[in-house]
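The block underneath contains the structure these notes are about, expressed in structure tokens.
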Amino acid sequence: MSQLSLKFDHETKGWADLIPRRNPQSNLTSNIDTRWLVIGAGFTGLSCARRLAELNPSDKIILLEAREIGQSASGRNSGYAVAHSHFSGRYQKDQLGHYERIDRINQAGLESLSAVITKNHINCDFKESGIYHMAADESSSLECDYFVDYLEKREIKHEPLSQEKSHLKLGTNWYQKGVKVMNGALVQPAQLVFGLADKLPKNVELYENSPVIDIRKGKINTLRTPESTIRAENVIMACNYEPLASGQQKQRVVGVTLSGSITRVLTQDEIETLGTETSWGVLSLHSGGATVRLTDDKRISIRNTAEYNNHRLLNKGQLKARQKIHRQSFDNRFPDLSHVPFEHLYSGVEGVTANKTNIFKRLSSNLYFAGCYNGSGITKGTAFGLAIAELASGNDLELVSDCLGIEEAKWLPPRPLLDLGAWYITKQRFSGVGKDR
């Protein structure tokens, strides 16, 4: 399963710009024999390595990250630790088992993160304050009605919001209506992933800037990085869309590139133009709508473009063009703050499947894969990491069964049809987005 053709972005923009720089661990330069190897140190890989270390305290766990910690999707998302997923369309009674399964997975991830953050005193602005789901246009307003009905039927604690109440709480009258789901958390994503990496158990060895460029399956798996060879009894791939990009597994996931901007810190006068909530997070009820946050350190972030860019981050020219869209969306929502400049501009790549599902499977007797979260990887990725560690260790838990019960991702055609299909799927994401963009 060669990845020699893959290029690993090392651009250092994103949420990591807002916090002190972290000193990365060294890259792997020596050959190693190990029982456990985890590839990818995002939320899934960090969770998996931690749980493997707990289950196998006498074993050494090798954890490899292709870049520096926080420079993949885990440090470039918008920091939503979702407890209850939004399923588009009307509530379907025959899908209740699916709804409950996804919520159990989300909740397992949220509870695990909360416990690890508390135990290790990780300072990451983790705030279990709930999440807003908002609608600015007619189509998303209908989706809001569906979602409120879903929450009522599921007896999930929530608060419906009129336009007036939204303005009071968020400081913008752009949204026609919305609903706040009371369970769920917001976090500084780069700060969280830094803390998780720096507080790993002692029997986990983390190597950064160490991409795996070749995997040969066998009773003992043989893997190569640019400067080392690893022989591993068990390999867990937690590297989102990348391990399938050129491997022998059928293509089931593509990388979609998103972009966002973050303002400077607001002044007290500027903060007073906003609502009563001291910090908040808004998810759009349209799949192509803007994700907007007021952070604990009083910045506003907005993310609202998504495109197929061959699994790559955007270059400087592309980013500047996308920021014009961010600017217009920001000014629409906060006209009294139109003078506030953006201080940071970044892109990130998320793994997306054609049928909006995830991948959790045993590829062979000693090779496993968990990943692809369609933009909701903090809680789900954490839970998948726990579950894949349990599965690889031979443990049969409800969480493992829930993850194995996820609908299988659909097969995608090879290139060049893949590129055309990925472009079309991403374009459809914005169909009818209107004021929600």
Legend entry - Test applied, side chain to side chain donor-acceptor pair (under 3.5 Å); reference residue, Tyr175; option that passes from Arg333, His167, His133: Arg333

Inset, instruction - Would you please classify the geometry between the Phe334 ring and the Phe330 ring as parallel, tilted or perpendicular, with 30° and 60° separating the classes? - result: tilted

Legend entry - Output field: ring centroids Phe384/Tyr373 closer than 6.0 Å: yes

Legend entry - Contact summary for Ala16 and Ala190, nearest pair of heavy atoms: N-CB, 3.5 Å

Legend entry - Asn304: side-chain hydrogen bond (donor to acceptor under 3.5 Å, both in side chains) partners, not counting sequence neighbours: Ser329

Inset, instruction - Using modelled atom types only, decide if a donor and an acceptor are shared between the side chain of Asp137 and the backbone of Lys435 within a distance under 3.5 Å. - result: yes

Inset, instruction - Kindly write out the residues that satisfy side-chain hydrogen bond (donor to acceptor under 3.5 Å, both in side chains) with Asp296, not counting sequence neighbours, or none if the list is empty. - result: Ser279

Legend entry - Contacts of Glu407 that satisfy side-chain hydrogen bond (donor to acceptor under 3.5 Å, both in side chains) - sequence neighbours left out: Asn355

Legend entry - Closest non-hydrogen atom pair, Gly89 against Glu143: N-OE2, 3.0 Å

Legend entry - Step-by-step side chain to side chain donor-acceptor pair (under 3.5 Å) determination, Glu390 to Asn395: CA-CA 5 Å; Glu390 297 282 359; Asn395 298 327; 2.7 Å; yes

Inset, instruction - Nearest 0.5 Å please: distance from the CZ atom of Arg312 over to the CD atom of Gln318. - result: 10.5 Å

Inset, instruction - Please name the pair of heavy atoms, one in Leu258 and one in Ala306, separated by the smallest distance, quoted to 0.1 Å. - result: CG-CB, 4.1 Å

